[in-house]
Amino acid sequence: MRLTATNVLAAVAVLGYFLARYLWDVVDAHYFGGFVPARWSGINLESNVPAWLTPLTAAFLHADFYHLLFNTVVLLYCGNALERRMGPSRLVILFVVGAYLAAVAQWWTDPAAALPMIGASGAVSALIGAYAMTFGSRRQLVASPALNRFLNALWLLAFWVAVQYAIDFAAALENTLIATPAHIGGFLAGLVFARWLVPPAPVSAAPPTIEY
């Protein structure tokens, strides 16, 4: 496997999962390292991790192996494709921005929530949004090119949220948030920031395409 920023992010997510599960107390790891909206609202909850840092630490914690597996597979697929176009530094910026804007969206919908949000889904949603804007084969739905691109990307967002719900339901997860607002916030971050972070494709390039 090549040493890319995407592969390093995936490796850190795997490492975080196994450290939390087998070296630390998994409940404490999720609570202290996860994103708890109430802490951003000024509610004094015990934690060894600064509240401002938890959107990032939460991205490297996962509830179970299937949660980790799905997020990692999507991260590797979309991330490596994007990294070849935008470079490692911009890929990491997009991942971090996605993680933080996902946390903002989750906090905005329920600022007093005391359950931890964990997982890379918000950051990965940003990569999916950017991937859709960069490589998507867009069907003509409306006359406006910008609006047409946005509407086509929404199909991918709906699919991504539905899959996340299915994974959470199948695993019967307890004491974690089903963070649909975070998925949407991350995805919208990818749609917006792709415009500035992803350079245009060279004329000779033949990028992968997706149909939706």
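Excluded from the calculations below are hydrogen atoms, water molecules and symmetry mates; all remaining heavy atoms, backbone and side chain alike, are included.
With T57 contributing its side chain and G33 its backbone, the two residues share a donor-acceptor pair below 3.5 Å. Proximity of a side-chain donor or acceptor of Y131 to a complementary backbone N or O of A126 within less than 3.5 Å is not detected.
Partners of F65 under the ring pair (Phe, Tyr, Trp, His ring centres under 6.0 Å) rule, at least two apart in sequence or in another chain, do not exist in this structure. Applying the side-chain contact (heavy atoms from CB on, under 4.5 Å) test to L61 and every residue at least two apart in sequence or in another chain returns A20, H30, I118. Every residue meeting the side-chain contact (heavy atoms from CB on, under 4.5 Å) condition with V73, not counting sequence neighbours, appears here in chain and number order: L69. Applying the side-chain contact (heavy atoms from CB on, under 4.5 Å) test to W108 and every residue at least two apart in sequence or in another chain returns nothing. By the side-chain hydrogen bond (donor to acceptor under 3.5 Å, both in side chains) test, T6 pairs with E83, sequence neighbours left out.
Clustering of Ile, Leu, Val, Met, Phe, Trp and Tyr side chains at separations under 4.5 Å places V26 together with V27.
Taking the six-membered ring where the residue is Trp, F35 and W40 present perpendicular rings, their angle passing 60° and hence far from 30°. Between F193 and W196, the two ring planes are perpendicular [angle over 60°; tilted spans 30° to 60°].
In the hydrophobic cluster analysis, where Ile, Leu, Val, Met, Phe, Trp and Tyr join through side-chain heavy atoms closer than 4.5 angstrom, L127 is grouped apart from V14. Side-chain heavy atoms closer than 4.5 Å link hydrophobic residues (I, L, V, M, F, W, Y) into clusters, and following such links, possibly through other members, connects V97 to V8. F135 and V124 fall within a single hydrophobic cluster, where Ile, Leu, Val, Met, Phe, Trp and Tyr side chains are chained together by heavy-atom contacts under 4.5 Å.
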